[in-house]
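What follows is a short report on a single structure.
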Amino acid sequence: MNVAYLYSLIAVVVLGLIAYAGVEAAGLDVLFGVVIPYLALIVFLIGFANKVLDWTKSAVPFKIPTTFGQQKSLDWIKHNRFDSPYTTGQVVIRMLLEILLLRSLFKNTRVGFGKGQRIAYKWVVWLWLFAILFHYSFFVVVLRHLRFFAEPVPFFVSFLEKIDGMFQILLPNLFLSGVLLLGGALLLLLRRVLLPKLVYISKPADYFPLFLIIGIAVTGLMMRYLDKVDVVRVKELAMGLATLQPGIPEGGISGLFYVHLFFVSILVAYIPFSKIMHMGGVFLSPTRNLANNTRAKRHVNPWNYPVKTHTYEEYEEDFRDKMKEAGIPVEKE
Amino acid sequence: MNDKNKIITGLVIFFLVVLFPFWFNLIFGAADASTAPEPELTEKAEKAETCVAETEHMRTEHMQILDQWRDTVVRDGQRIYVAENGKEYDPSLSNTCMDCHSNKEKFCDRCHNYASVNPYCWDCHTYPEETE
């Protein structure tokens, strides 16, 4: 066993047990249902803003776009507009493709031996496939949760639910995104557990969020399909949070729900301090958001402060008399 | 050139999106949205006192029971359901459930709408008001 993922798994299990015992045994419904979610949101907002504002201060001394194609050059050389963007518009399109389609993961390759002892690079699609499955299903799941946080339920949430549950399997209606989220997260985890090269470069900070998200997905699916909780009470609690009139609904909700909520609170509060900050970072990565036009335009680090210079003319001005005395030639008499 | 303004604009937009539930409910929401609407019982339902199972069980499992009923009736042809308390029922949504709970709008729909649940029961089944 590898300690990095063993410890992460144990951490998530312990967190789950804390929430379960806290509510079922110690009766801390208010702590886990109201106080911790609000705290998590505050930590998230402040932490996120702090991180991004810190990034705004970092210097960008050079243009460092990573390019995957021919840069703009002479007219008769074909320019690859989105892999080596020249204008802001092209950069925007490149960014959109990156953010919406995770294009850089699509370019994943693996090195190995081809025929004989020849090095060969093989295109490997799995990382992109698992990642896009994971990200989009997570996005849909988050959006669907607005049914608990908004009354009346916005039209796009009902619309998503309709598409998500279009196969009408099981009762309550199976939402595909929930299963795909769990599947995607598990596949991403398996990559990091089974491929030796990935295990070697993985840290607890890589495993912990994955286990946490798997925990969220598992508890969420359990609450809907196996050990059902009363959704009406869940919505009462969520609406209380969203309208700033928090309270624990009459009759209480089962411990499983609080485990789910605690996991989500931990994840939300953890985002600003973790790799999940890539949600903000992707917009600010200079290897993606800068145009490759250094041959045409001079790049000045926008964070440059005015440097105090002392030119030769000024130097000569200061010491002209002494230079003349010593017989050093001067430019201006 | 300094990107600080652009970045802060993006940050503000992101926070507005994240805080959607707070301002959405403030602008469009009803005042008492954090208390669920109570499903209304008809006289007949109140007289019967118990449903096919305990209320707490029915709150979370009624869809499961209906699902089982559909399978046993349609696939196995079994038209008698023995409840936990020994009583026998005709496993039928229209004839058993909606015999007591004939007020779909004030019973079924209240919670379903609140939790944004859109069951497809009534794609096929009719409910009392409609048949009249």
Side-chain angles (χ1 to χ4, degrees), chain A residues 41 44-45 48-49 52-53 55-57 60 144-154 157-158 161-162 165 168 170-173 223 225 227-247 249-251 254 268 279-280 283-284 289 299-303, chain B residues 1-39 55-71 110-121 123-124:
Chain A
L41 183 67
F44 171 77
L45 293 175
F48 199 98
V52 171
L53 292 178
W55 284 337
T56 65
K57 288 186 205 122
V60 187
R144 272 205 288 99
H145 274 72
L146 281 178
R147 80 174 167 125
F148 296 116
F149 290 96
E151 178 66 30
V153 179
V157 177
S158 322
E161 284 175 335
K162 212 166 216 168
Q168 302 193 335
L170 299 178
L171 265 177
N173 202 354
M223 279 192 294
Y225 303 106
D227 185 17
K228 293 196 197 59
V229 298
D230 188 351
V231 271
V232 172
R233 282 182 198 151
V234 171
K235 176 141 189 180
E236 282 183 297
L237 188 136
M239 284 306 296
L241 291 175
T243 52
L244 303 178
Q245 299 157 334
E250 250 177 85
S254 80
V268 165
M279 68 161 77
F283 291 93
L284 301 182
N289 67 15
H299 173 73
V300 179
N301 180 4
W303 285 259
Chain B
M1 187 194 94
N2 194 316
D3 290 340
K4 206 166 197 168
N5 291 335
K6 280 189 221 163
I7 295 171
I8 290 173
T9 312
L11 195 65
V12 169
I13 292 172
F14 174 71
F15 279 177
L16 279 179
V17 172
V18 169
L19 298 175
F20 174 84
F22 294 98
W23 55 260
F24 179 85
N25 288 315
L26 207 65
I27 300 170
F28 302 102
D32 54 346
S34 56
T35 39
E38 275 295 308
T55 311
E56 201 65 10
H57 187 72
M58 289 306 287
R59 281 180 82 107
T60 57
E61 300 290 335
H62 61 279
M63 71 297 275
Q64 220 76 51
I65 293 173
L66 286 169
D67 198 27
Q68 283 164 10
W69 281 12
R70 182 193 63 188
D71 289 356
R110 276 197 176 167
C111 293
H112 284 161
N113 288 344
Y114 185 64
S116 178
V117 177
N118 202 358
Y120 51 88
C121 309
D123 286 5
C124 304

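Quick note: numbers below take in every heavy atom, side chains included, and nothing from hydrogens, waters or symmetry partners. So you know, we letter chains A, B, ... as the sequences are listed, proteins then strands, and number each from 1.
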*Give, as side chain, backbone, both or neither, the part of Leu26(B) having an atom under 4.5 angstrom from any heavy atom of chain A.*
neither
_Heavy-atom pairs under 4.5 Å with chain B: which of Thr243(A), Val52(A), Leu146(A), Leu45(A) has the most?_
Leu45(A)
_Treating Asn289(A) as the side-chain partner and Phe283(A) as the backbone partner, does any N or O pair qualify as donor plus acceptor under 3.5 Å?_
yes
*Is chain B contacted by the side chain of Leu241(A), its backbone, both, or neither, given a heavy-atom distance below 4.5 Å?*
backbone
*Contacting region of Val229(A) [heavy-atom separation from chain B under 4.5 Å]*: backbone
_Close side-chain approach of Phe20(B) and Phe149(A), heavy atoms under 4.5 Å_ = no
_Main chain of Tyr114(B), side chain of Lys235(A): is a donor-acceptor contact present, judged purely on distance under 3.5 Å?_
yes
*Lys228(A)/Glu56(B) salt bridge by N-O under 4.0 Å criterion*: no
*Toward chain A, the part of Phe22(B) with a non-hydrogen atom under 4.5 Å*: both
*Tell me, for Phe15(B) versus chain A, whether the close heavy atoms (under 4.5 Å) come from the side chain, the backbone, both or neither.*
side chain
*Pro249(A), part contacting chain B, at a heavy-atom distance under 4.5 Å*: neither
*Under 4.5 Å, counting heavy-atom pairs only, tell me which of Glu236(A), Lys162(A), Arg147(A), Glu250(A) racks up the most with chain B.*
Glu236(A)
*Heavy-atom pair count under 4.5 Å with chain A, highest-scoring of Pro37(B), Ala36(B), Cys111(B)*: Ala36(B)
_Interface residue of largest heavy-atom contact number with chain B, from Met279(A), Lys57(A), Gln245(A), Glu161(A), under 4.5 Å_ = Glu161(A)
*Decide yes or no for Asn25(B) and Met239(A): does some side-chain heavy atom of the first lie under 4.5 Å from some side-chain heavy atom of the second?*
yes
*Check whether any side-chain N or O of Arg59(B) sits under 3.5 Å from a backbone N or O of Asp230(A) as a donor-acceptor pair, and report yes or no.*
no
*Would you mind checking which part of Val153(A) comes under 4.5 Å of any heavy atom in chain B, side chain (CB onward), backbone (N, CA, C, O), both or neither?*
side chain
_Strictly distance-based, threshold 3.5 Å: is any side-chain N or O of Trp55(A) a donor or acceptor partner for the main-chain N or O of Leu284(A)?_
no
_Treating His299(A) as the side-chain partner and Val60(A) as the backbone partner, does any N or O pair qualify as donor plus acceptor under 3.5 Å?_
yes
